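Bear in mind that the values here come from a model prediction, so they are computed numbers and not experimental data. We use all heavy atoms of the structure for the numbers below, so side chains are in, but hydrogens, waters and symmetry mates are not.
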Amino acid sequence: MFEIKKICCIGAGYVGGPTCSVIAHMCPEIKVTVVDVNEARVKAWNSNTLPIYEIFLKSFNTVVNASLNISVPKRRTLILKIAVLENCVISCTSSGFSQLEKQNPYKYIPADLTEGMFRMLNRGLNALSSRKVKITCLKARLMSLFVLKAANAFLAQRISSINSISALCEATGADVEEVAKAIGMDQRIGSRFLKASVGFGGSCFQKDVLNLVYLCEALNLPEVAQYWQQVIDMNDYQRRRFASRIIDCLFNTVTDKKIALLGFAFKKDTGDTRESSSIYISKYLLDEGARLHIYDPKVPKEQIIQDLCHPNISEDDPDRVCRLVTITKDPYEACDGAHALVICTEWDMFKELDFESIHQKMLKPAFIFDGRRVLDGLHSNLQNLGFQIETIGKKVATKRFPFTPTSEIPKFSLQDPPSKKPKI
Ligand code: UDX
């Protein structure tokens, strides 16, 4: 049986870094070397401020041990030299290392597979013995890349399906959460991955569905390609629909209006923004001239700016990010003087905010757009504070409040009609 003694991983990004930390932790007898051409990233991995945030990596310092070495090769060719010294090579970078694939007897594991493997390892971090992990690694090598892509496409399709139902619920007055609960009770369907949202993000779903589309087109299966393309189209539609709802509610214009956008990561407990719906919601609002004040507990300011300045997002006007976007250090600052508060990531902390003080400081009528249904249990309290609530997949009944003018309106006496103007 092939025994792994040393692993060289190419790429210290979202996949390589965490995967190898877990492998080094679980299998101390394996020497793990991670190489990356990005000097700043390598430096960050070797410091106390890690370049990425993943919830389990909180304990990174205890995970990393002497068997893990993250370094930067002097030249790209050196990567190959390092790689051939090891007996197991993992490519965790988007740039191809196809030469490696041809080199026997090295075991080459492509990045997508290791991402799945990382998740298996991550899940089993506390439960599995290192022996079991090694068995899992070997099995993972045998798993077909195609199976992983199809699995992700099925999961993405489930989210697009429930998001399509959310549009129907908003139009008819039903509640998508109730629908999801009911259909999830059917064991053939199951209850997981039925959460309606502002759309799925992350590095895998879109990429894997588009891979399928590409494959189907290449194999002359246009109907199948269109079927999968629709999963992506529905996701884009959900994002656009949410942004349009914000604009509609804010009296058909957001130009020069301050909007607080809470959450920029593609899901909670990560600082990862790849394909995050927040990027697209921001784009649609920026296209309409909104002033965005963005807060996320884990995404660095530079990352948000970089995502929004991307040519696909800010096209020929990257300067608009400087003019219209402010990144704030706390959510209250973002909401101060805002017309609307928009939740795009389901961070738990957003349920615990002091909404009374937020409401006091917002412009009225103060709107909340909950793109993740995190405030479901708080609707009544929030309405009593005076918020107008809009949420995915449900129409929240509006409470009517007596009109309280902010300044005194002059009183007219019905007894004294205004004096008639003399006829000329
Ligand atoms: C995914 C797959 O789950 C994993 O198996 C694969 O190896 C990599 O891709 P990941 O991208 O980390 O994992 O996150 P996941 O938890 O699957 O969520 C993906 C996106 O879908 C997120 O934006 C999430 O918020 C969204 N989502 C998920 C929903 O909108 N509704 C749901 O019910 C579940």
Considering all heavy atoms, the nearest [X]-[Y] contact:
{"X": "T328", "Y": "A334", "value": "OG1-CB, 3.5 Å"}
{"X": "A196", "Y": "I392", "value": "CB-CG2, 3.7 Å"}
{"X": "W347", "Y": "T270", "value": "CZ2-O, 3.3 Å"}
{"X": "I259", "Y": "A290", "value": "CD1-CB, 4.0 Å"}
{"X": "A153", "Y": "L212", "value": "CB-CD1, 3.6 Å"}
{"X": "A12", "Y": "W45", "value": "O-NE1, 2.6 Å"}

Given 3.5 Å as the limit, does a donor-acceptor pair link the side chain of [X] with the main chain of [Y], or not?
{"X": "K258", "Y": "D336", "result": "yes"}
{"X": "N163", "Y": "S197", "result": "yes"}
{"X": "S314", "Y": "H310", "result": "no"}
{"X": "S277", "Y": "G199", "result": "yes"}
{"X": "R274", "Y": "F266", "result": "no"}

Just how far is it from atom [atom1] of [X] to atom [atom2] of [Y], taken to the nearest 0.5 Å?
{"X": "I162", "Y": "S164", "atom1": "CD1", "atom2": "OG", "result": "7.5 Å"}
{"X": "R241", "Y": "D248", "atom1": "CZ", "atom2": "CG", "result": "11.5 Å"}
{"X": "K181", "Y": "D175", "atom1": "NZ", "atom2": "CG", "result": "10.0 Å"}
{"X": "S357", "Y": "M362", "atom1": "OG", "atom2": "CE", "result": "11.5 Å"}
{"X": "H379", "Y": "K394", "atom1": "NE2", "atom2": "NZ", "result": "6.0 Å"}
{"X": "L250", "Y": "R245", "atom1": "CG", "atom2": "CZ", "result": "12.0 Å"}

I'd like to check [X] versus [Y] (side-chain heavy atoms, cut-off strictly below 4.5 Å). Are they in contact?
{"X": "I279", "Y": "F264", "value": "yes"}
{"X": "V198", "Y": "R372", "value": "yes"}
{"X": "H293", "Y": "L261", "value": "no"}
{"X": "L375", "Y": "T391", "value": "no"}
{"X": "C9", "Y": "T33", "value": "no"}
{"X": "K207", "Y": "K149", "value": "yes"}
{"X": "V176", "Y": "L194", "value": "no"}
{"X": "L324", "Y": "L292", "value": "no"}

Go through the side-chain N and O atoms of S160 and N235 and say whether any donor and acceptor fall under 3.5 Å apart.
->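 There is no such pair between these side chains.
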Checking side-chain polar atoms at under 3.5 Å, does E333 have a donor or acceptor matched by the opposite partner on Y295?
no
Considering only NZ, NE, NH1 and NH2 on the basic side and carboxylate oxygens on the acidic side, decide whether [X] and [Y] come within less than 4.0 Å.
{"X": "D236", "Y": "R239", "value": "yes"}
{"X": "D317", "Y": "R320", "value": "no"}
{"X": "K195", "Y": "E346", "value": "no"}

Practice task
Start with the C-alpha gap between Q238 and S166, add the side-chain angles, then the distance that decides, and say whether side-chain hydrogen bond (donor to acceptor under 3.5 Å, both in side chains) holds.
Solution key: CA-CA 9 Å; Q238 185 77 347; S166 79; 3.0 Å; yes
Are there more than 12 heavy atoms of other residues, nucleotides or ligands under 6.0 Å from atom [atom1] of [X]?
{"X": "Y237", "atom1": "OH", "result": "no"}
{"X": "R323", "atom1": "CZ", "result": "yes"}
{"X": "K361", "atom1": "NZ", "result": "no"}

Discussion item. Show, in sequence, the C-alpha distance, side-chain angles and deciding distance for F355 and L341, and conclude whether the side-chain contact (heavy atoms from CB on, under 4.5 Å) test is met.
Written reply: CA-CA 11 Å; F355 284 102; L341 180 170; 4.1 Å; yes
Criterion side-chain contact (heavy atoms from CB on, under 4.5 Å) on C344 and L262, from CA distance to verdict: CA-CA 6 Å; C344 287; L262 304 190; over 6 Å; no
Anything under 30° is parallel, anything over 60° is perpendicular, the rest tilted; go ahead and classify F154 against W228. tilted
- Task: Walk me through it: do K283 and E315 pass the test salt bridge (charged side-chain N to carboxylate O under 4.0 Å, His left out)?
- Result: CA-CA 10 Å; K283 174 190 159 42; E315 286 156 358; 3.7 Å; yes
*asked:* For I247 and L285: C-alpha separation, side-chain torsions, deciding distance, then whether side-chain contact (heavy atoms from CB on, under 4.5 Å) applies.
replied: CA-CA 8 Å; I247 297 163; L285 296 174; 4.1 Å; yes
*Can you check side-chain contact (heavy atoms from CB on, under 4.5 Å) on I358 and D354, steps first, answer last?*
CA-CA 6 Å; I358 288 180; D354 176 354; 5.7 Å; no
- Item | Derivation of the ring-ring contact (aromatic ring centres under 6.0 Å, His included) call for F387 and H359 | CA-CA 7 Å; F387 279 110; H359 184 263; 4.9 Å; yes
query = Considering the options D307, D296, T345, which one meets the side-chain hydrogen bond (donor to acceptor under 3.5 Å, both in side chains) requirement together with T273?
reply =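 Of the listed residues D307, D296, T345, the side-chain hydrogen bond (donor to acceptor under 3.5 Å, both in side chains) partner of T273 is D307.
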Exercise. Take T326 and R291, measure what side-chain hydrogen bond (donor to acceptor under 3.5 Å, both in side chains) needs, and give me the verdict at the end.
Key: CA-CA 8 Å; T326 307; R291 286 184 289 116; over 6 Å; no
